[in-house]
4 protein chains.
Amino acid sequence: MYPKFASLEQEKKERIINAAIKEFARSGYDRASTNEIIKEANIAKGSLFSYFNNKKELYLFLLDYVSEFIDKIYSEVDCDETDIFEIYREIALVKFKMYRKFPQIFDFLKAIAKENAPEVKSELEKRKKEYLVDRGTEKICRNIDETKFRSDIDVQKAIDIINWTALSFAEQQSNKINSYADFDVELLREWERYLDLLRRCFYKAEE
Amino acid sequence: MYPKFASLEQEKKERIINAAIKEFARSGYDRASTNEIIKEANIAKGSLFSYFNNKKELYLFLLDYVSEFIDKIYSEVDCDETDIFEIYREIALVKFKMYRKFPQIFDFLKAIAKENAPEVKSELEKRKKEYLVDRGTEKICRNIDETKFRSDIDVQKAIDIINWTALSFAEQQSNKINSYADFDVELLREWERYLDLLRRCFYKAEE
Amino acid sequence: MYPKFASLEQEKKERIINAAIKEFARSGYDRASTNEIIKEANIAKGSLFSYFNNKKELYLFLLDYVSEFIDKIYSEVDCDETDIFEIYREIALVKFKMYRKFPQIFDFLKAIAKENAPEVKSELEKRKKEYLVDRGTEKICRNIDETKFRSDIDVQKAIDIINWTALSFAEQQSNKINSYADFDVELLREWERYLDLLRRCFYKAEE
Amino acid sequence: MYPKFASLEQEKKERIINAAIKEFARSGYDRASTNEIIKEANIAKGSLFSYFNNKKELYLFLLDYVSEFIDKIYSEVDCDETDIFEIYREIALVKFKMYRKFPQIFDFLKAIAKENAPEVKSELEKRKKEYLVDRGTEKICRNIDETKFRSDIDVQKAIDIINWTALSFAEQQSNKINSYADFDVELLREWERYLDLLRRCFYKAEE
DNA sequence: AATGAATGAGAATTCATTCAT
DNA sequence: GATGAATGAATTCTCATTCAT
């Protein structure tokens with residue numbers, strides 16, 4: 001894919017990727033201006049369209065780029081862990097660290113989640129299903145020790161609820177947080193309280 | 001508000017509302033084309049702009065229209081009910097019925113939630129706070145009998161989890177159902193299974 | 001011409017004429033809004049177009065109406081006067097009085113002079129030649145006693161210069177004056193100074 | 001200013017300037033159609049708006065362009081001349097030559113004088129004060145030898161009358177000449193007759 | 001006769017994409 | 001390969017005029 005772009009020197013590639021992510025994150029697919037991108041990346045108009053054929057392919061390229069980035073997040077999580085609550089605690093930690101390091105990419109992910117431009121809608125859904133949403137979670141959740149759960153509950157449903165709670169909590173917090181610096185130990189503690197609550201309810205009572 | 005539009009015959013009004021909701025749901029505020037709307041509604045170009053002065057006012061009208069619609073949903077729910085799971089069971093029932101009747105409106109609500117066009121952002125936030133988001137839920141959740149919950153859990157967090165589960169379940173289902181009319185008793189049953197699970201976990205064990 | 005309009009009751013006719021003059025004076029032919037006119041005159045949209053067939057004919061009607069008005073100005077001037085400077089002194093007096101009484105019409109005349117909308121340009125020029133510009137002056141200048149002029153000057157050219165000076169002075173003043181109340185005896189005096197200068201130069205030296 | 005436009009080849013620039021001047025002269029700012037201009041200039045719709053950002057800037061550019069053009073007129077006039085009638089004879093000669101070369105520009109100047117579109121009014125007034133109206137005349141009239149005038153007349157008023165006569169004569173002639181190329185030596189002669197008349201009247205009698 | 005809702009051509013402007021240099 | 005001027009379809013919105021009631 002995109003061999004012309006791939007053969008550029010690293011520094012130029014990053015300039016373009018950063019400019020494009022910034023613009024798509026800021027304005028969404030439709031409103032994002034290729035003019036803005038080429039200005040920010042300091043390249044010629046024609047160049048952008050010779051690397052990627054059009055705006056849509058540039059966008060889809062970024063989706064793939066970001067998805068690989070996310071993979072890295074989940075690869076940091078201990079694969080042998082079988083306690084789902086421990087896994088989620090680790091994932092939260094990794095995410096918080098990344099947010100601090102590359103807030104733009106998370107903004108872009110938020111923009112992706114809100115995206116509804118018809119040109120990219122179908123491709124976006126496809127990619128979302130493939131790897132964006134829950135990619136890691138599914139992979140990770142293979143090794144979960146189901147015996148810890150109360151015998152009277154459907155484990156799969158319990159896991160759904162944990163996932164949904166994690167996603168909703170994250171969304172709620174990222175709506176609250178507008179400035180970069182607000183992430184906090186307190187936030188992690190609050191999240192652990194939700195996890196504790198669910199663990200106490202879903203796991204067998206400890207003797 | 002919008003007296004010229006109000007005085008149209010019902011059939012024409014609905015044609016316009018449906019066309020506009022469909023277009024805004026499909027493409028978001030920015031990309032939604034007034035040309036598309038007038039074509040779909042089969043009215044003249046000038047007419048749309050004589051009813052509503054511009055695209056923005058048409059959009060804001062739809063927000064209000066939809067909000068009244070939502071009010072009807074929640075007004076059907078029994079206000080005296082104190083069991084949160086009963087309340088959610090009722091809400092689910094009402095929503096499912098409505099979805100069958102006007103699937104477009106729920107698509108529109110999803111689009112509203114994703115909307116980030118600056119032209120309508122501030123008005124949208126205002127309306128969201130006023131009545132769109134969780135208006136009913138908050139109102140309804142006032143009377144909840146907290147004594148039914150296990151004494152070792154934070155009731156507010158438990159309610160959060162129930163809300164998030166409801167919203168996430170609904171979203172998951174509406175993604176599965178691509179506007180096909182496959183809502184089903186089975187779906188309601190599945191939802192009740194989630195509610196049952198949560199009730200068994202969050203409420204005190206029955207003697 | 002315009003029998004439907006002519007048969008309206010006087011009060012309604014005046015409401016329409018005033019509204020139209022006001023709007024054309026304010027905005028010029030092109031920018032003048034028929035909507036504004038019907039709103040100000042408090043009549044129905046269709047009515048205006050049944051009285052006059054279109055905007056252009058309404059405008060041309062006003063030109064004729066105003067021209068008759070101007071006739072009245074000049075009919076007040078003493079027809080037996082043979083001294084051109086006396087005639088101009090009288091005309092100035094009459095004009096100043098009228099301006100105080102109906103400033104709108106003079107605004108309209110100014111707007112006519114500046115008008116360059118292609119739709120009315122040719123008709124406007126025709127009417128200007130016919131009666132608007134210098135109509136009175138030409139009629140009045142029939143009886144002028146040419147023997148008072150110095151024998152070494154072309155009387156027709158001298159009269160041209162007097163006319164041009166009068167028009168230019170009036171234009172200069174009306175550009176200066178933006179508020180109604182600024183007309184003044186001082187202005188009349190200044191004008192008489194120009195007339196005196198020209199009289200002293202153009203007339204034979206008095207013994 | 002307008003670097004993209006400036007870097008076009010001369011022939012294309014002139015095509016655009018001529019088309020725009022023609023259209024603005026014909027219809028005034030408001031009614032002038034950018035569609036008409038691009039059609040006449042044979043360029044693409046987007047091009048006009050990439051050279052100048054919008055209709056207003058195109059118009060203001062033309063004002064400046066024309067003002068430079070006028071400067072050339074006055075720079076050809078002998079600055080050391082102190083006889084106002086000689087100055088006007090020279091100016092007339094230059095103007096008549098220019099009219100033959102670019103009759104459009106004078107039409108445009110007339111349209112500018114009549115312009116009252118609110119979008120450009122303030123900028124227009126600013127430029128008028130700066131250089132358009134009487135720039136040359138005022139500059140030139142600094143060196144006038146006032147001792148040549150009769151001692152019983154107000155020199156400033158006499159100069160006003162000469163100016164007004166020049167402007168009115170020019171206007172009268174340009175109304176007669178409907179863009180036909182009938183400027184003529186006869187016209188210049190006629191103008192000199194007016195100047196002679198005024199000189200004989202305003203200057204001291206030669207011994 | 002009077003009404004005013006409906007019409008649709010036309011306005012200015014934008015922007016992804018192309019292509020000659 | 002790189003460039004950026006040129007393109008024109010598509011955008012929202014206006015308003016004189018028509019016509020069914």
Side-chain angles (χ1 to χ4, degrees), chain A residues 4-5 7-8 12 29-39 42-59 119, chain B residues 3-5 7-9 12 30-38 42-58 119, chain C residues 4-5 7-8 12 29-39 42-59 119, chain D residues 3-5 7-9 12 27 29-38 42-58 119:
Chain A
K4 276 188 197 162
F5 180 75
S7 65
L8 294 177
K12 190 171 189 178
Y29 178 79
D30 268 333
R31 208 167 246 264
S33 159
T34 51
N35 274 334
E36 220 41 55
I37 294 170
I38 60 128
K39 216 190 298 170
N42 199 29
I43 57 168
K45 194 93 187 245
S47 299
L48 188 67
F49 287 90
S50 86
Y51 304 147
F52 310 98
N53 294 314
N54 51 45
K55 192 180 182 180
K56 184 177 171 180
E57 293 192 22
L58 165 61
Y59 187 79
E119 289 97 324
Chain B
K4 275 189 194 164
F5 180 74
S7 65
L8 294 178
E9 45 186 312
K12 190 171 189 177
D30 264 336
R31 163 61 68 122
S33 162
T34 52
N35 276 342
E36 225 37 61
I37 293 170
I38 59 133
N42 200 29
I43 59 170
K45 208 157 202 176
S47 297
L48 187 66
F49 290 94
S50 87
Y51 304 146
F52 310 97
N53 293 315
N54 49 47
K55 191 180 181 178
K56 184 178 171 180
E57 291 192 21
L58 166 60
E119 290 98 322
Chain C
K4 275 188 198 164
F5 180 73
S7 65
L8 293 178
K12 191 170 188 177
Y29 178 79
D30 267 333
R31 207 165 246 264
S33 160
T34 52
N35 274 335
E36 223 38 59
I37 294 170
I38 61 126
K39 217 191 294 169
N42 200 27
I43 58 168
K45 194 96 186 243
S47 299
L48 188 68
F49 286 91
S50 86
Y51 305 146
F52 310 97
N53 295 314
N54 51 43
K55 193 182 183 179
K56 184 177 171 181
E57 294 193 23
L58 166 61
Y59 187 79
E119 290 98 324
Chain D
K4 274 189 196 165
F5 180 74
S7 65
L8 294 178
E9 45 186 311
K12 189 171 190 175
S27 308
Y29 178 79
D30 263 338
R31 162 62 67 123
S33 162
T34 52
N35 277 342
E36 221 41 57
I37 293 170
I38 59 130
N42 200 28
I43 58 169
K45 206 152 201 178
S47 297
L48 187 66
F49 290 93
S50 89
Y51 304 146
F52 310 98
N53 293 315
N54 51 46
K55 191 181 181 177
K56 184 177 172 180
E57 292 193 20
L58 166 60
E119 290 97 324

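Naming convention: chains lettered A, B, ... in sequence-line order (proteins, then strands); numbering from 1 in each chain.
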(message) I need the CZ-C1' distance between B/Arg31 and F/dA9, as an integer number of Å.
(response) 12 Å
(message) Expected output is a numbered-order residue list: members of residues 43-53 of chain A with a heavy atom under 4.0 Å from any atom of DNA chain F. What is it?
(response) A/Ala44, A/Lys45, A/Gly46, A/Ser47, A/Tyr51
(request) Round to a whole Å and report the spacing from CG of A/Asp30 to P of F/dT11. (result) 11 Å
(request) Assess whether side-chain contact (heavy atoms from CB on, under 4.5 Å) is satisfied between B/Asn35 and B/Lys45, documenting all intermediate values. (result) CA-CA 7 Å; B/Asn35 276 342; B/Lys45 208 157 202 176; 3.0 Å; yes
(request) Could you check whether B/Lys56 gets within reach of a base, just the sugar-phosphate, or nothing at all, counting any heavy atom under 4.0 Å? (result) nothing
(request) With rounding to the nearest 0.5 Å, note down the distance linking CD1 in B/Ile37 to CG in B/Leu58. (result) 5.5 Å
(message) With nearest nucleotide decided by heavy atoms, which residue, D/Asn42 or B/Glu36, maps closer to the 5′ end of DNA chain F?
(response) D/Asn42
(message) Distance check, rounded to the nearest 0.5 Å: D/Thr34 atom OG1 versus D/Phe52 atom CZ?
(response) 12.5 Å
(request) Starting at atom CG of A/Leu8, determine the distance to atom P of F/dT3, rounded to an integer number of angstrom. (result) 11 Å
(request) Please state whether the rings of C/Tyr59 and C/Tyr29 are parallel, tilted or perpendicular, taking 30° and 60° as the class boundaries. (result) perpendicular
(message) Does this structure show an ion pair linking B/Glu119 with A/Arg31, if we count only N-O contacts that are shorter than 4.0 Å?
(response) yes
(message) What's D/Asn35 touching, base or sugar-phosphate or nothing? Going by heavy atoms closer than 4.0 Å.
(response) sugar-phosphate
(message) Could you tell me the boundaries of the chain A footprint on DNA chain E, defined by atoms under 4.0 Å from its heavy atoms?
(response) E/dA16 to E/dT18
(message) Minimum heavy-atom separation for D/Ser27 and D/Ala32, please, with both atom names.
(response) CB-N, 3.8 Å
(message) Can you work out whether B/Lys4 or C/Lys4 has the more 5'-proximal nearest nucleotide on DNA chain E?
(response) C/Lys4
(request) Quick one: closest heavy-atom pair of C/Tyr51 and C/Lys12, and the distance? (result) OH-NZ, 3.4 Å
(message) Counting Watson-Crick and G-U wobble pairs with both distances under 3.5 Å, what is the dot-bracket string for DNA chain F, 5' to 3', using [ ] for crossing pairs and | for pairs to another strand?
(response) .||||||||||||||||||||
(request) Could you pull out the closest heavy-atom pair between B/Glu57 and B/Asn53, with the gap in Å? (result) OE1-ND2, 3.3 Å
(request) Mind checking B/Ser33 for me? I need base, sugar-phosphate or nothing, with any heavy atom below 4.0 Å counting as a touch. (result) sugar-phosphate
(message) Rounded to whole Å, how long is the line connecting atom CG of B/Leu58 with atom C1' of F/dT12?
(response) 12 Å
(message) Return whichever of C/Ser7 or B/Lys12 has its heavy-atom-nearest nucleotide of DNA chain E closer to the 5' end.
(response) C/Ser7
(request) Identify whether any heavy atom of A/Ile38 sits under 4.0 Å from a base atom; if not, whether one sits that close to sugar-phosphate; answer base, sugar-phosphate or nothing. (result) nothing
